[in-house]
Structure formats: C-alpha cells, structure tokens
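Have a look at the structure below, then the notes.
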Amino acid sequence: MEYGLLIMGAPYSSAAPHSALRFASAVLSKGHRIAGIFFYQDGVHNASSLMTPPQDELNMREAWIELHQQHNVALDVCIAAALRRGLMSELEAKRHGLVNFNIEAPFELTGLGQLLELQQRCDRFMTFA
Amino acid sequence: MEYGLLIMGAPYSSAAPHSALRFASAVLSKGHRIAGIFFYQDGVHNASSLMTPPQDELNMREAWIELHQQHNVALDVCIAAALRRGLMSELEAKRHGLVNFNIEAPFELTGLGQLLELQQRCDRFMTFA
Amino acid sequence: MTRENERLVVIRHAPYSSNQLREGLDVALVTAAFGGSVSLLFLGQGVLALLKEQTVGAPGQKATLPTIDMLEMYDIENLLVPAETLQAFNITSDQLVEGVTVIPTSELPSLFQRYASVLNF
Amino acid sequence: MTRENERLVVIRHAPYSSNQLREGLDVALVTAAFGGSVSLLFLGQGVLALLKEQTVGAPGQKATLPTIDMLEMYDIENLLVPAETLQAFNITSDQLVEGVTVIPTSELPSLFQRYASVLNF
Amino acid sequence: MLHILNKPPHSDAAKQLLLALSADDTVLLIEDAVQAVLYPDWQGWTVSSAAVFLLAEDAVSRGVYSLANVKGLPLVEMDGFVELTEQNERIISWY
Amino acid sequence: MLHILNKPPHSDAAKQLLLALSADDTVLLIEDAVQAVLYPDWQGWTVSSAAVFLLAEDAVSRGVYSLANVKGLPLVEMDGFVELTEQNERIISWY
C-alpha cells in the first residue's frame, strides 16, 4: 500500500517525529511504500540543516534523509509555515535578501496544495503531531 | 527596579513572546530596567535571523533587537537548547563544520549559568512560556 | 451512510495561544481554493475562534476573526459545533458569529464516518 | 516561615513527550554544579519521570531515568511529590525510584513561600 | 506572591496553581486563562481569599471582555500588570 | 476507522476522541496516552465496544508495561501498529 504522513511536531520538543520515524521504518519493512512526508506547523523544524543535537541523541534530519535515500520518500516542507519559523532554502534566502539558509535537498519547500494532493493519492494517510 | 525575563515559547507557535514583549514595553515605560532576557527551550527560536513572517505579522526578532538598542537589554540564548533546535552563531557553525548560521548579535549564545545569575541579580524575575 | 467526497477539517485549538488554529484554517481555505468541498468542525477550545466579540489582539498579533469571516467568500459555509462543546464552555449560540450550525453531540460519530478525508488540527 | 537560600525547581511535564522535563532537570543540575542548593518538586505529569520501571525509549530517544539517577551525584536529594499527585495518577510510592519524599498536599502553599527562587518547568 | 496563569481554567497548570496558592497571594489570568470568565463556578474564584485579576487586553482579543465587565470581574491593563509585579517580590508562572 | 491518541487519558484530545468514536472503530494509545494503563475506570476502556490497543514500546519507555501486562491489556508492537493501519482505511490522530 501507499502511505502518506503529515508531521506537525518539532524534534526535541515533541515525540511526534520519533513516533513517525519508527512507524515509517516498520511500514517500509512490511513492504509498503511511503509516497511522501509533509512537514507542517512546528514539524518544519525537522528539516533544519543547522540542527545539532548532542552526540547521544538522534539527529532527526539525518534520519529523514536516510529514509529518502533508501526508499525514495519525498520530504515536503510547507513554505508558509517554514518562513515564519525561520526555515528557508537558498532560493528563498536570496529572494528575501538573506545570505544564510537552512533548508537543503532532499527537503523541498512547497505549498499546502501538495499536502492535499498527498492525502488524496495515498491509500493510508496519517498525522503525527 | 531591575527585571529579568525567561522566555520559553517560540514566536508564531506560542503567545508567550507576544505577552513578554508587551509586558517588557510597559515595564520600561514605567521607568524600570530590564537587565536581561534569557531564551530557553522553544524560546530560542525568537533569535532566528531567518525568521520571515508575513508582512502583516510582527517580526518578533526585530522587536527584541529594538528593545536591546533602545534600552540596552541583554538578549541571551541557551546554547544547548539552541544547537539542538538548529540555531547557531557563526562561531558555533564553524566549530561544527557548517557554513550557514542564524544567530547574530545582539543575541548571544550562553550557558544556563547566565540564567541563574540573572535570576539572582534581579529584583523581579518572570517566566513567559 | 455515504462517504461524501468532501474534506472535514477539525479545529480544536484556541486563537492566539498557538498557530494551530490559523494553520488549520489555512488548509480549509486552500482546499476550497483548489475547488474542493470542505466542512469545518469546531471541537473544544476551537469553539473560541467563533466568539463574535473577539477583536484584534495586542499590537502585532494577527486576529483570527477576519479569517473566520473570509470562510464564506471561499464558499465554506458548513461551520459545525457540537452542543456538548457549547455547554462545556457555557457559551450560547448567540455569542457566536453568524452561520454556525449546532449539531447534536450524538451525531459526531456518524459525522466522522461520513467524510472520506478528515484532518484534525 | 523563613525563606531558605535555595532554589525550588518544579517539574510538571512528562518524559519523552517534550523536552520540557529534561531541560528543567538541566537547570537543577547546573544550579547544583554551581554550588547552589536545589530541591525538586514533581507535580502532575512530572511524577511520571519518577516511575522506576521506565526504560530507554525507542531507538534514538534519550531516557530520562539516568538523569534522575544522576541527581544524587549532584547532591540533589530533596525530591518531593505531593500525595495528591500520586492519588490522581493511581501511583503508589513503591512504584517510584528510591529517595522520593511524599509530602501532604496541604503543605504545597508553604513550600512555595519558603524558597527565595522558584522556577516552574 | 503573584501567580500568573496562561492556560485554560481546567488545565493541569490551573489545578497545580490552585494547590500551590496561599491565602494572601495574588493571581493574574492572561492569554487562555481569561476563559475563566466563562466559568462562574471555577474554583479559582472561590478557593481562597487570594485576589484574582484578568489581563484586559487578552480578555478583549479573546472575546470575553464585555462578559467580564458585566460580571464585575477585576480587569487590569498592562500598567496594572506591571504594578502587580511591583507589589509582589516573587512571581510564579503556570503554563 | 482507526483513532490514534497520544495525549493523556483525561486530556481534551482524549475527551474529543471519545465523543467521535463509533462502536466498530479501533483505538490505539501511543506516547502519553499509554498512561491510560494507570486508570482502570478510564471511560475509553468501557465507553463503546471499540477495541483499544496500547503501543508496547511506549508503554515500556514510560514504565507502565508490566502493569499493562498484569491487567491483560492488549499491547501491540510496531508491526501490530502497521497492521492496524492496514485494516483501517481511515486513520484519525488526536493530539
């Protein structure tokens, strides 16, 4: 089956990303596919390339990237929720006259339409918040 | 009197920064001083120089900087809470082999000792979370 | 009990205290903008978004009420509140904005069964 | 009712579900590391940090119990829980880690009056 | 002592505040705590002789200001908030 | 329909879930919701004929696993969580 996930909690502040990651691994190892993960609300912080947890804690961003690399899972980040919270790609940074940025591929900034499309396309759609 | 504030909520996700900012303005206009503001837990997001809210919403980081410039309020950010959540200064970025950064002066990364010191030094110490 | 080809967006958080309410409403607005049909259900703290006496918040705080007023322009006319929520908050329906439908609490289970897509905010 | 030159750190959030508990304990540990005297009060959800059967969480999730065990090394020996919290959670004191003092709920107001510095997490 | 509550009147935070309250303490309700206006029988209005105030601008933004006025509940402006902190050496936030 | 609850059993989210529950729905308790093990009289255990499961690894990390076992409550591993989502076309999270 095709799964889609909506994640709305930030790493280190919410258990939602941890639960979602564990669930995603279990889904994939049962032979299902994950079409995409959409990061919304405080979930956009999962994409921060400046996230630097202590050595004995999981780097959540790296875990998502591994999921993308091994299973081709799309990692979409809501652009409006991201900009407000201080997360932007190089392109958006330029557009706003900023030098620094903290969203990089495979994370993609996108609109809410992508979330609706993901929900419609998947056999199963789940929220972790 | 000398006030110290502890802020533990993120802008746009919590009302705490708004309440703290309004309170700070009122305190200052009554002739008191604010010795320092300490940003901890999700409050560290207040310092993000990449924060880009829509035009009709307050840019909370700029509001804190204005407070600093006009009233010499120290803006301290807990370094451990910040790094974990993807907030770092140029110095910390270099230390971690990263190019980008999103904490700049007048915000300063510092340790929890600074929080304890602030609480002891002030006549009034308040938490907004 | 047919599954309507409609989205149900559930609003469960209060205005101002977080962005959850606003970003939930945004999903409803985008659904409508893409031509989809959407109903809004207000549960618990979410009902506070419907109090008609709300005004703009403190300086720099964006109010919720203008977004609620905007729903009609997007043809989102199905604003539902269960009677239980009003009772729990001691709110009467005349304290709410125009166009809210109070539904019997006992209809909530069938309401959730009826929609193909439900998003809880 | 003297105001002890001590800090009271109040832990009110559950382990794992947020970082609030961990970052609250960090403040207690740093207070002690700087030579200050600190007491910990566990209220509501915070009491769950004291359940002795807690183990490490899912892969990558850091457990809270090792930090609780560390408190003693920092000479933080005053771990307080009001009886009301235990009752509310149906928890008995033998389910908790060693060294917790159960205090009568009626003593909470005077406890808060006693400390010069209180930090609520 | 001044207690500041910013969560709804039936939240865990509110219950904990009520357990910690001394008779001569003061309580200020801000943000979501102004919902207490909707509950005439909220324990905080009666549990002790503590004075309970509401932050006016939060009552306004959340649509309960006129109800608070009708009920004669004590509202303070932001200046009054500052005065409460001047009068109380120690301030505890419940969130 | 599968309902996933991750907040404590007396939270607003839990109350809302119980109002929305149909008799043949399934409930999975994860994260903070595993605290329901501590409350034998929680409404969720009795309110309908809905099946209620606990996520084992969250019960373990939060120290209520052995109690859940003693009480004979239905625990599922992460594989079982996936199976519940296979069996239910629609999944609603309460948080």
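None of these values were measured; they are calculated from a predicted model. In what follows, every heavy atom counts, from backbone to side chain, and hydrogens, waters and symmetry copies are set aside.
- Taking A/S48, A/S13, A/A10, A/P53 one by one and counting their heavy-atom pairs under 4.5 Å with chain B, the maximum is reached by A/S13.
- Residue B/H32 comes nearest to B/Y3 through the heavy atom pair CG-CE1, 3.7 Å, listed as atom of the first residue, atom of the second, then distance.
- With a 4.5 Å cut-off on non-hydrogen atoms, A/D42 touches chain B through its side chain but not through its backbone.
- With a 6.0 Å radius and a threshold of 12 heavy atoms from other residues, nucleotides or ligands, A/K94 has its NZ atom at or below the threshold.
- When B/N100, B/L50, B/L98 are each tested for a side chain to side chain contact (heavy atoms under 4.5 Å, CB included) with A/N102, only one passes: B/L50.
- Ring pair B/F39/B/F107: centre-to-centre distance below 6.0 Å.
- Residues of residues 64-80 of chain A never come closer than 4.5 Å to chain B when only heavy atoms are counted.
- With no hydrogens or angles considered, no side-chain donor-acceptor pair links B/S25 and B/R22 at under 3.5 Å.
- Closest approach of B/C122 to B/A35, counting heavy atoms only: SG-CB, 3.9 Å.
- Taking CZ from B/F101 and CD from B/E90, the interatomic distance works out to 4.0 Å, rounded to the nearest 0.5 Å.
- With chain B as the partner, the residue from A/Q41, A/M51, A/R84, A/H45 showing the most heavy-atom pairs under 4.5 Å is A/R84.
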